[in-house]
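Counting starts at 1 for both ligands and their atoms, following the listed order.
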Amino acid sequence: MKKMAVLASGSGSNLQALIDRVHEKEGMIAVVISNKKNAYALKRAKKADIPAIYADRSQVATDEAYDTDILKILHAYAVDVIVLAGYLRILTPVLTEAYANRIINIHPSLIPSFCGDGYYGMHVHQAVYDRGVKITGATVHFVDSGVDTGPIIMQRAVCLTGNEQPEEIAAKVLEIEHELLVESVTLVLNDQIEIVQKRTIRK
Ligand code: GAR
C-alpha cells in the first residue's frame, strides 16, 4: 500500500474524509503535518492513531528551510504521495521538485476561475459571491511550481441561486469536496491517472 502524508492548516474535514474512506483501504496515511499548532486536523489525526506533527514556521529563517524540514519528515515516514487538504501555504521547489507529480491539492473553485495567489479558503468564496457567478465548485489537481496551475485530476460543480452568502457558498462547496478528494486520491493511489503534458487522462 502506498503511504500518504496529509498537510492541513485548519479544521481538517477533508482529512477526515480520507481517514474514513481511504486510510487502510486504498493507502496508509503515514503522517499528518500542520503549520498551525491548534489546527483541528491534528486532533483528528491523533484520534485515528495517526502521527500528527506541528511544524513551526517561526523556528526557521526561510520558506525553503521550512520545506526542507517537512521533507525530512516525509522521508522519515517513507511517504509516496502528499495530499494538501486545506493547507494554506504555498510550497517551495524543495517540495514540488522532490515530489513532482506526487502532490495532490484540493481547491474550492472551478480552476482556472478564482484561483492563484491570494485565493484560498474564504477569500475564494467571497470572490465568487462578489462576482455573482451561478456555478462554482471544487478542483483536485497535481501541484507544480505555480499556484493552482498543475494538471487537473477531477472537478465537480455546485449551482448557486445567487441568494447564498459567502459562508453558505463555502458550506455547499465543502459538501462536494470530500467526495471529490476521496475519489481523486483513490485514483492516484491505484496508479489510474496518467499525466500527458498539462492534462491528466484515466488509464
Ligand atoms: C477547503 O475548502 C479547501 O478546499 C480549502 O480550504 C478548506 C479546508 O477545509 N483549500 C484552499 O483554499 C487551498 N487553496 P477543511 O480543513 O475542513 O478540509
### Worked check of side-chain contact (heavy atoms from CB on, under 4.5 Å) between Met4 and Asp80
CA-CA 6 Å; Met4 286 170 278; Asp80 302 299; over 6 Å; no
Which residue and non-hydrogen atom of the protein lie closest to [atom], and at what distance in Å?
atom                    : answer
atom 14 (N) of ligand 1 : His107 ND1, 3.4 Å
atom 11 (C) of ligand 1 : Pro108 CD, 3.6 Å
atom 15 (P) of ligand 1 : Ser13 N, 3.4 Å
atom 16 (O) of ligand 1 : Gly12 N, 2.7 Å

### Task
Before giving the answer on side-chain contact (heavy atoms from CB on, under 4.5 Å), spell out for Tyr129 and Gln165 the whole-Å C-alpha distance, their side-chain angles and the decisive distance to 0.1 Å.
CA-CA 7 Å; Tyr129 173 84; Gln165 292 300 304; 3.9 Å; yes
Using a plain distance cutoff, I'd like to know if [X] has any nitrogen or oxygen under 3.5 Å from a nitrogen or oxygen of ligand 1.
X      : answer
Asn14  : yes
Glu177 : yes
Asp148 : no
Gly86  : no

### Query
Just going by heavy-atom distances, which of Ala39, Gly121, Ser11 is nearest to atom 12 (O) of ligand 1?
Gly121
Nearest-0.5 Å distance that lies between atom [atom1] in [X] and atom [atom2] in [Y]:
X      : Y      : atom1 : atom2 : answer
Glu168 : Thr161 : CD    : OG1   : 8.0 Å
His125 : Glu167 : NE2   : CD    : 10.0 Å
Thr200 : Arg202 : OG1   : CZ    : 8.0 Å

### Summary
So the atoms of ligand 1 within less than 4.0 Å of a heavy atom of Leu88 turn out to be 11 (C), 12 (O), 13 (C)
### Query
Going by the atom numbers of ligand 1, which of them fall below 4.0 Å from some non-hydrogen atom of Ile106?
4 (O), 10 (N), 13 (C)
### Side chain, backbone, both or neither: the part of Val173 lying under 4.0 Å from ligand 1 by heavy atom
neither
Keeping the roles fixed (side chain from [X], backbone from [Y]), state whether a donor-acceptor pair exists under 3.5 Å.
X      : Y      : value
His23  : Ile29  : yes
Arg21  : Glu183 : no
Thr139 : Ser109 : yes

### Message
So, 4.0 Å and heavy atoms of Leu84: is ligand 1 close enough to count as a contact?
### Response
no
### Tyr66 atom OH: more than 12 heavy-atom contacts under 6.0 Å
yes
